[in-house]
2 protein chains.
Amino acid sequence: MSLRIALLGLLSAVGPASGYDLAKKFEHSLNHVWQAGHTQIYPELVKMAADGLVEAEAEGARGRKTYTITAEGKRELHEWLAEHDPSMTIRSEPALQAFLLPLLDDPDQAIKVVERIRARYLARLEQLDCLPAEGSFGRYALSLGRAQVRTGLAWAEETLADLRKRRTPQ
Amino acid sequence: MSLRIALLGLLSAVGPASGYDLAKKFEHSLNHVWQAGHTQIYPELVKMAADGLVEAEAEGARGRKTYTITAEGKRELHEWLAEHDPSMTIRSEPALQAFLLPLLDDPDQAIKVVERIRARYLARLEQLDCLPAEGSFGRYALSLGRAQVRTGLAWAEETLADLRKRRTPQ
DNA sequence: ATGTTCATGTAAGGCGTTACATGATTCA
DNA sequence: TGAATCATGTAACGCCTTACATGAACAT
């Protein structure tokens with residue numbers, strides 16, 4: 001259901017757009033919040049049009065279809081935002097690897113794992129830092145996303161220090 | 001694939017266990033890292049047994065089946081931990097709501113949304129604080145999980161302060 | 001002419017959620 | 001006897017990923 005909401009939110013924020021545009025926006029502005037590729041977005045827009053949440057406008061150059069949010073779509077969006085209790089479901093592969101770390105007897109191996117996690121967080125942080133302020137629309141989510149990644153990075157640094165201390169007790 | 005890994009990790013850490021046990025462990029120790037209910041776990045264990053990663057032992061009382069990790073299972077687990085580049089895929093409903101906040105013109109409405117997010121993070125933090133040290137097996141993941149939740153909570157507090165300032169400019 | 005970007009889709013298969021369904025054991 | 005807990009599963013449906021497939025327009 002949240003994919004719909006994300007699409008409605010983008011349409012509401014940036015105005016009419018094609019599936020292609022929305023896929024780009026996803027990558028550049030919602031990336032740290034929700035993920036979806038064009039193969040998920042195109043069919044979903046068709047369903048949303050069938051449900052009256054968006055309207056497909058006349059095709060333009062290169063088969064381009066422009067979608068616009070409807071009043072009904074805006075209503076659904078606002079209702080979700082105002083009423084929906086956000087689920088705390090989490091599936092984090094870095095955290096799963098962190099969970100499994102004690103299985104590695106060799107501290108050097110554990111260090112390698114954490115170094116890889118650290119590199120991933122770092123790359124992600126750089127990616128977020130390059131995001132355009134973008135009319136500052138996504139500012140709240142961006143500050144949350146950045147903080148979360150920085151937290152992951154800090155955890156990695158601390159854990160590395162800890163593991164290195166254990167490796168060389170003296 | 002990660003569900004398998006999580007199950008192999010638990011079996012490796014706590015020894016032979018039933019699907020029921022594993023579902024409980026999931027809830028009490030992997031909760032902030034990965035989520036899965038018994039309806040996902042039971043069929044997965046059957047598949048894993050077919051793939052030779054675990055062995056189902058004789059049935060006990062009340063139809064209980066005990067699973068043990070095999071050498072092949074341990075190999076897969078260690079390989080994943082050592083080689084797998086963790087995916088950064090994230091789908092966070094709180095963050096999606098944060099993203100959409102600027103759509104609300106009324107600051108009071110925005111405040112309500114953030115207050116609900118804050119309450120959810122707070123509840124989650126209390127839940128984590130009640131977790132048993134549990135032989136401290138999940139210690140690294142727990143510290144990461146706690147830090148992540150605290151970050152979300154801090155974001156909510158800051159955002160509330162910011163929104164309240166905007167509401168009453170004087 | 002060739003490569004890149006724009007633009008759209010389908011299909012198969014796996015992962016995840018919710019609802020449904022059953023029955024034994026233990027404790028009050 | 002009745003309620004709670006232990007213990008297992010199936011089915012339907014929806015969400016997500018990966019791979020496949022097509023073609024127009026534009027820049028070099």
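Just the heavy atoms: all of them, side chains too, but no hydrogens, waters or symmetry mates, feed the values below. Lettering of chains follows the sequences in order, A, B, ..., and the numbering in each one begins at 1.
Taking the side chain of B:Arg64 as heavy atoms from C-beta on, and the options C:dA7, C:dC15, D:dT8, the nearest nucleotide is D:dT8. Closest to the B:Thr89 side chain, of the nucleotides D:dT17, D:dT8, C:dT8, is D:dT17. Among the nucleotides C:dA7, C:dG9, D:dT8, the one closest to the side chain of A:Lys65 is C:dG9. With C:dG16, C:dG9, D:dT17 as the candidates, the nucleotide lying closest to the side chain of B:Leu3 is C:dG16. When distances run from any side-chain atom of B:Ser18 to the nucleotides C:dG9, D:dT8, D:dC15, the shortest one goes to D:dT8.
Distance, A:Leu45 CG to C:dG9 C1': 12 Å, rounded to whole Å. Look at CG on B:Leu22: it is 15 Å from P on D:dC6, rounded to the nearest Å. A:Glu27 places its CD atom 13 Å from the P atom of C:dT5, with the value rounded to the nearest Å. In this entry the distance linking CG of B:Leu96 with C1' of D:dC15 reads 15 Å, nearest Å. Here the C1' atom of nucleotide C:dG16 and the CG atom of B:Leu7 are 14 Å apart, to the nearest Å. Residue A:His38 contributes atom NE2, which lies 14 Å from atom P of C:dA11 at whole-angstrom precision. In this entry the distance linking CE of B:Met1 with C1' of C:dG16 reads 14 Å, nearest Å. Here D:dT8 presents its C1' atom at 18 Å from CD of B:Glu57, a figure rounded to the nearest Å.
With hydrogens and angles ignored, a donor-acceptor pair closer than 3.5 Å exists between the side chain of A:Thr39 and the base of D:dT18.
Looking at which nucleotide of DNA chain D each of B:Pro43 and A:Ala36 is closest to, the 5′-most match is held by B:Pro43.
Residue B:Tyr20 places no side-chain N or O under 4.0 Å from the OP1 or OP2 atom of D:dT8. A close approach under 4.0 Å does occur between a side-chain nitrogen or oxygen of A:Gln40 and OP1 or OP2 of D:dT17. Listed pair A:Tyr42 / C:dG9 fails the phosphate criterion, with no side-chain N or O lying under 4.0 Å from OP1 or OP2.
The residue B:Gly19 sits close only to the backbone: its heavy atoms come under 4.0 Å of sugar-phosphate atoms, none of a base. Residue contacts shown for B:Arg91 are limited to sugar-phosphate atoms, with no base heavy atom under 4.0 Å away.
B:Glu72 has a carboxylate O that lies under 4.0 Å from a charged side-chain N of B:Arg75, or vice versa, which qualifies the two as a salt bridge.
Looking only at side-chain heavy atoms (C-beta outward), B:Arg64 and B:Thr66 come within less than 4.5 Å of each other.
Two rings, from A:Phe137 and B:Phe99, have their centers less than 6.0 Å apart.
Here the closest heavy-atom approach between residue B:Ala23 and residue B:Ile41 is recorded as CA-CD1, 3.6 Å. Shown here for A:Leu8 and A:Gly73, the closest heavy-atom pair between the two residues is CD1-O, 3.7 Å.
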